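Worksheet: the structure to be examined is printed underneath.
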Amino acid sequence: MAEKETSAQHHIQKTTIGVLDLQGDVLEHLDHLARIGIRGQPVKTSADFSNLSGLIIPGGESTCLSRLIRIFGLDDQIKQAFQKGMKIWGPAQGRFYWLVRLLVKNPISG
């Protein structure tokens, strides 16, 4: 059993979770990740997606955030990462709605 725990701990230590750095709450998310032993990395450019295991999209105003994602040219990068299996987490309902619209071609008709 101890060997499995060591393996799991090793996996967690190698894991890097990105935190989208376009609005607020970035430092708070990075701090929480550090407290549980997971490496966090601010994400502001497409190059920042390299070697990430997942992405957190912090709270904020959804319309503004969607505009910033497009301005920074990250919409296609986020979509491609998701399609390749990256886990993406956004804590707000509006963010969930926006993610569905970004990641699904036509969310109404499926």
Side-chain angles (χ1 to χ4, degrees):
M1 184 78 167
E3 188 175 312
K4 280 189 176 183
E5 290 174 1
T6 303
S7 176
Q9 289 171 346
H10 178 70
H11 176 71
I12 287 173
Q13 290 170 349
K14 289 180 65 176
T15 298
T16 301
I17 302 294
V19 179
L20 195 62
D21 188 4
L22 301 180
Q23 280 190 320
D25 293 337
V26 176
L27 295 177
E28 291 81 357
H29 284 284
L30 293 171
D31 178 58
H32 286 290
L33 290 169
R35 288 177 189 219
I36 60 174
I38 296 176
R39 184 179 12 210
Q41 170 184 314
V43 172
K44 211 170 216 171
T45 68
S46 291
D48 295 332
F49 277 81
S50 161
N51 299 317
L52 293 181
S53 299
L55 179 67
I56 295 172
I57 301 178
E61 202 282 314
S62 298
T63 305
C64 181
L65 182 60
S66 63
R67 291 185 72 200
L68 288 170
I69 287 172
R70 287 185 181 92
I71 288 168
F72 278 78
L74 296 175
D75 45 348
D76 286 337
Q77 183 67 44
I78 292 170
K79 186 174 185 175
Q80 289 171 9
F82 177 77
Q83 289 171 340
K84 290 179 181 176
M86 179 181 283
K87 305 300 183 221
I88 299 175
W89 184 73
Q93 180 64 27
R95 186 108 43 263
F96 174 76
Y97 174 76
W98 179 84
L99 282 170
V100 168
R101 290 186 58 91
L102 172 71
L103 299 174
V104 179
K105 193 170 197 168
N106 187 348
I108 303 302
S109 63

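All heavy atoms count here, side chains included; hydrogens, waters and symmetry mates do not. Numbering of residues begins at 1 and proceeds along the displayed sequence. For clarity, every value in this text was computed on a predicted model and none was experimentally measured.
Rounding to the nearest 0.5 Å places CD of Gln41 at 6.5 Å from OG1 of Thr16. To the nearest 0.5 Å, the span separating NE2 on His32 from CG on Leu27 amounts to 11.0 Å. Rounded to the nearest 0.5 angstrom, Ser53 OG and Lys87 NZ are separated by 11.0 Å. The OG1 atom of Thr15 sits 11.5 Å away from the CG atom of Asn51 when rounded to the nearest 0.5 Å.
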Let me see the working for Leu55 and Phe82 under side chain to side chain contact (heavy atoms under 4.5 Å, CB included), right down to the final yes or no.
CA-CA 9 Å; Leu55 179 67; Phe82 177 77; over 6 Å; no
Assess whether salt bridge (charged side-chain N to carboxylate O under 4.0 Å, His left out) is satisfied between Asp75 and Lys79, documenting all intermediate values.
CA-CA 6 Å; Asp75 45 348; Lys79 186 174 185 175; over 6 Å; no
Step by step, work out the side chain to side chain contact (heavy atoms under 4.5 Å, CB included) result for Ile69 and Ile78.
CA-CA 9 Å; Ile69 287 172; Ile78 292 170; 4.1 Å; yes
CA sep, side-chain torsions, deciding dist, call: Ile57, Trp89, side chain to side chain contact (heavy atoms under 4.5 Å, CB included):
CA-CA 6 Å; Ile57 301 178; Trp89 184 73; over 6 Å; no
Is there a side chain to side chain contact (heavy atoms under 4.5 Å, CB included) between Leu52 and Ile17? Walk through the geometry before answering.
CA-CA 6 Å; Leu52 293 181; Ile17 302 294; over 6 Å; no
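Considering Leu20, Leu33, Ile88 in turn, Leu33 is the only one that fulfils the side chain to side chain contact (heavy atoms under 4.5 Å, CB included) rule with Ile56.
In this structure, Leu22 and Val43 have side chains that are not in contact, with every pair of non-hydrogen atoms separated by 4.5 Å or more. With a 4.5 Å cut-off on side-chain heavy atoms, Gln80 and Phe49 do not count as touching. Residues Cys64 and Gln23 have side chains in contact (heavy-atom distance under 4.5 Å, counting atoms from C-beta outward).
Residues satisfying the side-chain hydrogen bond (donor to acceptor under 3.5 Å, both in side chains) test with Ser46, not counting sequence neighbours, are none.
Shortest non-hydrogen contact noted between Gly24 and Pro58 is O-CB, 3.4 Å. The shortest heavy-atom contact between Pro42 and Asp21 is CB-OD2, 3.7 Å. Listed here is the closest heavy atom pair of Leu74 and Lys44: CD1-O, 3.7 Å.
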